[in-house]
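Just below is one structure, and these are the notes that go with it.
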Amino acid sequence: MLPPSPTHGARLTIDLEALVANWRALSQHAVGATAAVVKADAYGCGIEHVVPALVRAGCDTFFVAHLSEGIRARAVAPAATIYVLNGLPPNSASTYARERLRPVLGSPIEIVEWRDAFPGLDAPAALHIDTGMNRLGLRPEDLGDLPAVFRPALLMTHFVASEIPTDAANDRQLTLFAQVRTTLPGAPTSISNSSGLFLDQVRNFGEALARPGYALYGGNPTPGRTNPMRDVVRLEAGIVQVREVPAGESVGYNSTWIAPTERRIATISLGYADGYLRTGSASNNRPGGRAYVNGALCPIVGRVSMDLITLDITAVPHVERGDVAVILGDGLTVDTVAEDLGTNGYEVLTGLGHRYERRYIGG
Ligand SMILES: *Cc1c(COP(=O)(O)O)cnc(C)c1O
């Protein structure tokens with residue numbers, strides 16, 4: 001383990017080799033081709049590092065949420081196909097054309113604007129069909145209004161609950177999507193996110209292009225079962241101080257935790273400003289987050305503050321200022337940390353802060 005950085009409170013290590021191994025494993029599992037979803041700065045892992053690593057591994061199609069993210073991806077992947085999920089904002093068609101990006105069109109007005117910009121509708125774009133999310137996408141009953149010449153480069157839909165294989169929404173959505181497919185024959189299809197890739201029904205459907213995000217970055221696409229993916233992110237914070245707290249004294253803001261007996265407390269250089277949610281705070285009645293110190297799992301005590309967190313290290317011998325606490329890694333995965341924080345691993349990853357020392361390995 002490296003010593004903490006003298007200039008930064010915490011260090012985020014991103015393992016590009018594990019990321020590439022995850023993409024390869026997912027592409028081997030998929031029935032068709034496999035893209036990579038790199039929205040939200042590649043789930044916090046850094047678009048400028050993640051995209052080139054995946055291009056070198058053979059990934060040629062990427063999805064982002066915003067046009068600005070598409071422009072960043074284009075800068076590091078000149079030859080890739082890049083789709084922008086959030087659609088076509090007003091007056092943006094010329095930017096799409098300049099950057100050779102493809103919008104995911106999902107409403108009649110977007111299709112009209114795309115046709116006004118490219119009257120032959122010959123500029124490639126995806127068409128998003130809403131099969132139950134009620135968020136983005138064309139409803140199947142609106143398909144009749146499509147311009148006859150429109151041939152989507154990709155016909156896609158998005159699952160509501162693919163991480164729960166028994167959820168009835170999965171079959172309902174697939175049935176609707178299969179009906180839509182018959183009205184646009186020949187359009188390549190794209191259905192799965194990370195969890196969708198593991199649904200038997202999707203494998204039987206035979207989509208052309210899978211769109212995993214979360215699993216690439218180490219998230220478990222099969223909750224409740226063993227995670228088939230490798231960890232990609234590791235987060236370590238330096239211990240700033242170690243102190244003895246007498247029984248009956250409180251630790252942190254608003255005294256939510258009171259030492260039941262004399263305790264040894266380590267204060268680490270990480271807080272909610274770094275994306276470690278305040279919901280990881282602990283009171284005497286309610287446990288919060290955890291971190292490894294010298295190989296032992298230690299509980300957070302008291303409130304998570306902006307720049308600092310306090311850990312109870314009473315059970316761990318020989319802890320000193322300058323040692324390192326492991327927040328993510330060694331078995332504390334994005335999924336287990338998410339559980340500690342009362343959220344999902346997506347929020348843990350995309351919330352990763354911007355003031356860490358960032359280290360990329362395995363590139
Ligand atoms: C985010 C997103 C994905 C990727 O989902 P994961 O669960 O992260 O794999 C795929 N498709 C759409 C439309 C998305 O918004």
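Order of listing sets the numbers, starting from 1, for every ligand and every atom in it.
- Less than 4.0 angstrom separates some heavy atom of Tyr214 from each of these atoms of ligand 1: 6 (P), 8 (O), 9 (O).
- Between Arg211 and ligand 1, a contact under 3.5 Å exists for at least one N or O pair.
- Classification of Glu69 and Lys39 as a salt-bridged pair fails, no side-chain N sitting under 4.0 Å from a carboxylate O.
- Of the protein's non-hydrogen atoms, Lys39 NZ, 2.6 Å is the one closest to atom 15 (O) of ligand 1.
- In this structure, Arg234 pairs ionically with Glu236, as a charged nitrogen and a carboxylate oxygen lie closer than 4.0 Å.
- Counting heavy atoms from C-beta on, the side chains of Tyr214 and Val334 come closer than 4.5 Å.
- With a 4.0 Å heavy-atom cut-off, ligand 1 is reached by the side chain of Tyr43 but not by its N, CA, C or O.
- Residue contacts with ligand 1: Gly213 is placed with a nitrogen or oxygen under 3.5 Å of a nitrogen or oxygen of the ligand (distance criterion only).
- Here the heavy atom of the protein found nearest to atom 9 (O) of ligand 1 is Ser194 OG, 2.5 Å.
- Nearest protein heavy-atom neighbour of atom 7 (O) of ligand 1: Tyr346 OH, 2.5 Å.
- A salt bridge links Arg355 with Asp274: the distance from a Lys NZ or Arg NE/NH1/NH2 to an Asp or Glu carboxylate oxygen falls below 4.0 Å.
- Numbered from 1 in the order shown, with element, the atoms of ligand 1 that lie under 4.0 Å from a heavy atom of Pro212 read 9 (O).
- Under a 4.0 angstrom heavy-atom cut-off, Ala215 registers as lying outside contact with ligand 1.
- Within the 4.5 Å cutoff, side-chain heavy atoms of Leu174 are placed close to those of Val202.
- Ion pair Arg74/Glu99 not flagged as a salt bridge, since none of the NZ, NE, NH1 or NH2 atoms sits closer than 4.0 Å to an Asp/Glu carboxylate oxygen.
- Considering only non-hydrogen protein atoms, atom 12 (C) of ligand 1 sits nearest to His158 CE1, 3.3 Å.
- The environment of CZ in Arg139 is sparse: at most 12 heavy-atom neighbours from other residues, nucleotides or ligands sit within 6.0 Å.
- Residue contacts with ligand 1, taken as heavy atom pairs separated by less than 4.0 Å, involve Asn193 via backbone and side-chain atoms alike.
- Contacts between Val104 and ligand 1 below 4.0 angstrom, taking non-hydrogen atoms only, are absent altogether.
- Val232 approaches Leu216 most closely through the heavy-atom pair CG2-O, 3.4 Å.
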